[in-house]
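Heads up: the structure comes next, in structure tokens.
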Protein chains: 2
Amino acid sequence: MLPLSPDATPGRRQSTAAIKEALRDLRIQLSLLNHQVGTHLDLNDVDLDFLDVINRSGPLSPGALARRAGFHPATMTGILDRLERGGWVARERDPSDRRAVVVRALRNRNAEVMRLYSGMNSAIDNVCAEYTSAELKVLADFLRRTAKAGIRAADELAGGAR
Amino acid sequence: MLPLSPDATPGRRQSTAAIKEALRDLRIQLSLLNHQVGTHLDLNDVDLDFLDVINRSGPLSPGALARRAGFHPATMTGILDRLERGGWVARERDPSDRRAVVVRALRNRNAEVMRLYSGMNSAIDNVCAEYTSAELKVLADFLRRTAKAGIRAADELAGGAR
DNA sequence: AACATATCATACGGAATCCAAAACACAAGA
DNA sequence: TCTTGTGTTTTGGATTCCGTATGATATGTT
């Protein structure tokens, strides 16, 4: 906190700190939104998280899912049981390795989820409408990089390379 | 979906969609990171969330915390019990209204938390280092607006104006 | 002083999570 | 081929956590 800025860019440190603060807030708010959506779908918070992961990261094995989140395999079995009972995912045996299981997302009930997220969806549209096309590209790039950084940081805590 | 872009800004729709995708990923990754941090601190996911809220939003009453997150007051009691047992927070009686309780965050163990988040912290620093000061301001502003949008969207699902 | 209101803690039933071990499939060696 | 060893997922039991209902304490009002 010197009176003179060190490299003639006075706002950098403050802006970086502001970004971190905003990211903390954003995470909490999005988790809260997630909780509300899950409540409307009779779905657990964690279950909805994993449904999202399965929907976007393609078919995955239970073990891979558990490792990715740092959960015990038995816990994953329970989560998948609930998701399967609700018709959200299907378990199939891997033909090439029949001891393995592949979890596939069913898209039947996707409309329900989209409807619940529609409020946030259009809110983001409104926010984005106030930025130029170039700014939007910068924003998307930043978010992707930050998400990648989150993956690495979580993996490190999960036990190094592992 | 006309072949001609409507307002001479061809990338807008794609960039907005990319931002939504990245936000979904970011939320999941930050939640998983949160889970890993909580595991290392012998702390529940929800408990860590509320510790964060208490740390940043100053001393608060248990009821206010419960309303803010849509939890039942009794659940909040359990969360605060665990946080207090671990030496994270302290319950004090409000001098001005002695039936009320204020929860204050103790900073003793803050270093442990910071150490666990240090990987993500420096990763964000590295990402931010690649942007200009003006871009950083745009980013911080966008994140704040998006967080606000998340609050409104969650409130709507919680039961309209309420 | 007594009633109504508000806030937080306790008690208990139901659910989720974790640990250990089993069930099953694959791969390698005698 | 049969056996042994490794990897993946599921089961059973014990523990812990979340949510509804009830109780205790303090305040404000008539």
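Labels below follow one simple rule: chain letters A, B, ... track the order of the sequence lines, proteins then strands, and each chain is numbered from 1.
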Would you list the atom pairs, donor with acceptor, under 3.5 Å between side chains in residues 113-120 of chain B and any protein atom, with sequence neighbours excluded?
residue, atom, partner, partner atom, Å
B:Tyr117, OH, B:Asn34, OD1, 3.1
B:Ser118, OG, B:Arg115, O, 2.7

Can you list the residues that meet the salt bridge (charged side-chain N to carboxylate O under 4.0 Å, His left out) rule with [X], with sequence neighbours excluded?
X	value
A:Glu135	none
B:Arg104	B:Glu92
A:Asp81	A:Arg91

Discussion item. I need the residues from residues 74-82 of chain A with at least one non-hydrogen atom less than 4.0 Å from DNA chain D; give them sorted by number, or say none.
Written reply: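 Residues of residues 74-82 of chain A under 4.0 Å from DNA chain D: A:Ala74, A:Thr77.
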Worksheet item: Checking all strands, does A:Arg93 fall into the base, sugar-phosphate, or nothing category for heavy-atom contacts under 4.0 angstrom?
Response: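 Touches nothing.
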Discussion item. Check B:Asp49 with A:Arg27, please: is the shortest side-chain N to carboxylate O separation under 4.0 Å?
Written reply: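 A salt bridge is present here (some side-chain N lies under 4.0 Å from a carboxylate O).
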Discussion item. Reading DNA chain D in the 5' to 3' direction, which nucleotide is the first one with an atom under 4.0 Å from a heavy atom of chain B, and which is the last?
Written reply: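 Endpoints of the contacted stretch of DNA chain D: D:dC17 to D:dT27.
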Worksheet item: ring-ring contact (aromatic ring centres under 6.0 Å, His included): which pairs involve residues 41-93 of chain B, sequence neighbours left out?
Response: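 Listed once each, the pairs are A:His35-B:Phe71, B:Phe50-B:Phe71.
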Worksheet item: More 5' along DNA chain C: B:Pro62 or A:Phe71, using each one's nearest nucleotide?
Response: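 Its nearest nucleotide lies further toward 5', so the answer is B:Pro62.
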Worksheet item: Taking for each residue the nucleotide of DNA chain C with the nearest heavy atom, is it A:Pro95 or A:Asn44 whose nucleotide lies nearer the 5' end?
Response: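 Its nearest nucleotide being more 5', the pick is A:Asn44.
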Worksheet item: Residues two or more places apart in sequence or in another chain: which of them pass side chain to side chain contact (heavy atoms under 4.5 Å, CB included) with A:Glu112?
Response: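 Per chain and number, A:Glu112 pairs via side chain to side chain contact (heavy atoms under 4.5 Å, CB included) with A:Leu41, A:Arg109.
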Discussion item. Suppose the criterion is salt bridge (Lys or Arg N to Asp or Glu O under 4.0 Å): which pairs have a residue in residues 29-43 of chain B, not counting sequence neighbours?
Written reply: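 Residue pairs passing salt bridge (Lys or Arg N to Asp or Glu O under 4.0 Å), neighbours aside: none found.
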Practice prompt. With sequence neighbours excluded, give me every salt bridge (Lys or Arg N to Asp or Glu O under 4.0 Å) pair touching residues 120-131 of chain B.
Written response: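 Found A:Lys20-B:Asp125, A:Arg145-B:Glu130.
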Item to complete: Report the residues that fulfil side chain to side chain donor-acceptor pair (under 3.5 Å) with A:Arg98, sequence neighbours left out, ordered by chain and then residue number.
Response: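 Result, side chain to side chain donor-acceptor pair (under 3.5 Å) vs A:Arg98: none returned.
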Discussion item. For chain A and DNA chain C, what are the first and last nucleotides along the strand, 5' to 3', with at least one atom under 4.0 angstrom from a heavy atom of the protein chain?
Written reply: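 Both ends considered, the range comes out as C:dA16 to C:dC26.
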